[in-house]
**Student:** 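One structure, as structure tokens, below. Some questions next.
Just follow the structure's listing: the first ligand is 1, and inside any ligand the first atom is 1. Since the model is a prediction, treat every value here as computed from it, not as a measurement.
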Amino acid sequence: MTQRKITIAIDGFSSSGKSTLARDLAEALNYTYLDSGAMYRAVTLYCINHHIDVNDATQVEAALPHINLHIPPALSKTFAIHLNDRDVTDLIRSMEVSAVVSEIAAISAVRAFLVAQQQAAGKYGGIVMDGRDIGTVVFPNAELKIFVESDIETRIDRRHQELIKKGNTTSRLEVKQNLLHRDNIDSTREDSPLLKAKDAHTINNTNLTRAQQLQAAIDLVESVT
Ligand code: DC
């Protein structure tokens, strides 16, 4: 494996498997892993807890100076996020947060607030970051950009199984509705919509195992380093 530490941007729709790939890749390369979606979720959790109307951009923007996010340096397996000194890694995965996070992520002030922090975290390379705009906005000069795709039924099944494992009783239909809702907002919003960067490589993992998906990404890393 190469010694040169590069920046790797991984984008894709919700539950496409991009976070799994990003974590596995960061671990294989001994890189930092950053789940940018977790930051949008933490801002969302703050707004829910403080009864801030997520559809009122002015109210949300006014809350931003009170939001301190911290991602302790750690390996990909132990990724955690703290919101005002409280570990919220599990709390941000609730359906309550998922239901409105796309509304929060469509607010330009929120994006500017988080993109600056994401760029600072990736300043020295050696990072795998996943999200929706990593290859297009956060790191337009990333040495490697991967766009992860998966068919919609597979994405619904994955997300549903993930929730069941956590003891959540959300129905498959609710999961489907939430994914379609987020796909729609994430790809049609005005600021930084989810787009495949022109120079991104696509990995469609519908028929790939986790190990095969990782190998496809490692092959790409080797082709650019
Ligand atoms: O990856 P995720 O499902 O945890 O992301 C949560 C939401 O945050 C998703 O609806 C889109 C948004 N998001 C974004 O707009 N830009 C990013 N870089 C990452 C996530």
**Student:** State, to 0.1 Å, how close Ile185 and Ala106 come at their nearest heavy-atom pair, and which atoms those are.
**Tutor:**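 Residues Ile185 and Ala106, closest heavy atoms: CG2-CB, 4.4 Å.
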**Student:** Would you mind running through ligand 1 and noting each atom that sits below 4.0 Å from a heavy atom of Asp186?
**Tutor:**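 So the answer, numbered in order with elements, is 9 (C), 10 (O), 11 (C).
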**Student:** With heavy atoms of Ala105 as the reference, note each atom of ligand 1 found under 4.0 Å away.
**Tutor:** 12 (C), 15 (O)
**Student:** Lys18 heavy atoms, cut-off 4.0 Å: which ligand 1 atoms fall inside?
**Tutor:** 1 (O)
**Student:** Please determine if Asp130 has a nitrogen or oxygen closer than 3.5 Å to a nitrogen or oxygen of ligand 1.
**Tutor:**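 Among all N and O atoms of Asp130, none is under 3.5 Å from an N or O of ligand 1.
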**Student:** What's the spacing between Thr170 OG1 and Glu162 CD if we round to 0.5 Å?
**Tutor:** 11.5 Å
**Student:** Under 4.0 Å between a Lys/Arg side-chain N and an Asp/Glu carboxylate O for Arg210 and Asp24?
**Tutor:**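 Between Asp24 and Arg210 there is a salt bridge, with a charged N closer than 4.0 Å to a carboxylate O.
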**Student:** Inspect the contact between Glu149 and Lys18 and indicate whether a charged nitrogen and a carboxylate oxygen are less than 4.0 angstrom apart.
**Tutor:**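 No, this pair does not count.
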**Student:** Provide, to 0.1 Å, the distance between atom 8 (O) of ligand 1 and the closest protein heavy atom, together with that atom's residue and name.
**Tutor:** Tyr40 CB, 3.6 Å
**Student:** Using only heavy-atom distances, determine whether the side chains of His181 and Glu103 contain a donor-acceptor pair under 3.5 Å.
**Tutor:** yes
**Student:** Return the minimal non-hydrogen interatomic distance between Leu64 and Phe113, and the atom names on each side.
**Tutor:** O-CZ, 3.6 Å
**Student:** Using a strict threshold of under 4.0 Å (side-chain N to carboxylate O), is an ion pair present between Asp133 and Arg111?
**Tutor:** yes
**Student:** Quick one: does ligand 1 sit under 4.0 Å from the side chain of Met129, the backbone, both or neither, non-hydrogen atoms only?
**Tutor:** neither
**Student:** Look at atom 10 (O) of ligand 1 and say which protein heavy atom is nearest, naming residue and atom and giving the distance to 0.1 Å.
**Tutor:**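 Going by distance alone, atom 10 (O) of ligand 1 is nearest to Ser102 OG, 2.8 Å.
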**Student:** Just to be sure I read this right, does ligand 1 sit under 4.0 Å from the backbone of Met39, its side chain, both, or neither, counting only heavy atoms?
**Tutor:** neither
**Student:** Identify whether the distance between the nearest side-chain nitrogen and carboxylate oxygen of Asp35 and Arg41 falls below 4.0 Å.
**Tutor:** no
**Student:** Is a salt bridge present between Arg132 and Asp186, judged by a nitrogen-to-oxygen distance below 4.0 Å?
**Tutor:**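 Result for this pair is yes, salt bridge flagged.
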**Student:** What protein heavy atom sits nearest atom 19 (C) of ligand 1, and how far away is it?
**Tutor:**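 Nearest neighbour among protein heavy atoms for atom 19 (C) of ligand 1, to 0.1 Å: Ser36 OG, 3.3 Å.
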**Student:** Hey, which atoms in ligand 1 end up nearer than 4.0 Å to a heavy atom of Asp133?
**Tutor:** 16 (N), 17 (C), 18 (N)
**Student:** With a cut-off of 4.0 Å, which atoms of ligand 1 are near a heavy atom of Val101?
**Tutor:**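 Ligand 1 atoms under the 4.0 Å threshold to Val101: 6 (C), 7 (C), 8 (O), 10 (O).
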**Student:** Classify the contact between Arg132 and ligand 1 as side chain, backbone, both or neither, using a heavy-atom distance cut-off of under 4.0 Å.
**Tutor:**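 Both parts.
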**Student:** Could you tell me the residue and atom name of the protein heavy atom closest to atom 3 (O) of ligand 1, and the distance to it rounded to 0.1 Å?
**Tutor:** Arg182 NH1, 2.8 Å
**Student:** What's the shortest distance from atom 4 (O) of ligand 1 to any protein heavy atom, and which residue and atom give it?
**Tutor:**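 The closest heavy atom on the protein side is Arg41 NE, 2.7 Å.
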**Student:** Can you report which non-hydrogen protein atom sits closest to atom 16 (N) of ligand 1, along with the distance?
**Tutor:**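 In this structure, atom 16 (N) of ligand 1 has Arg111 NH2, 3.0 Å as its nearest protein heavy atom.
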**Student:** Yes or no: does Gln118 have any heavy atom under 4.0 Å from an atom of ligand 1?
**Tutor:** no
**Student:** What is the distance from atom OG1 of Thr225 to atom CD1 of Ile6, rounded to the nearest 0.5 Å?
**Tutor:** 6.0 Å
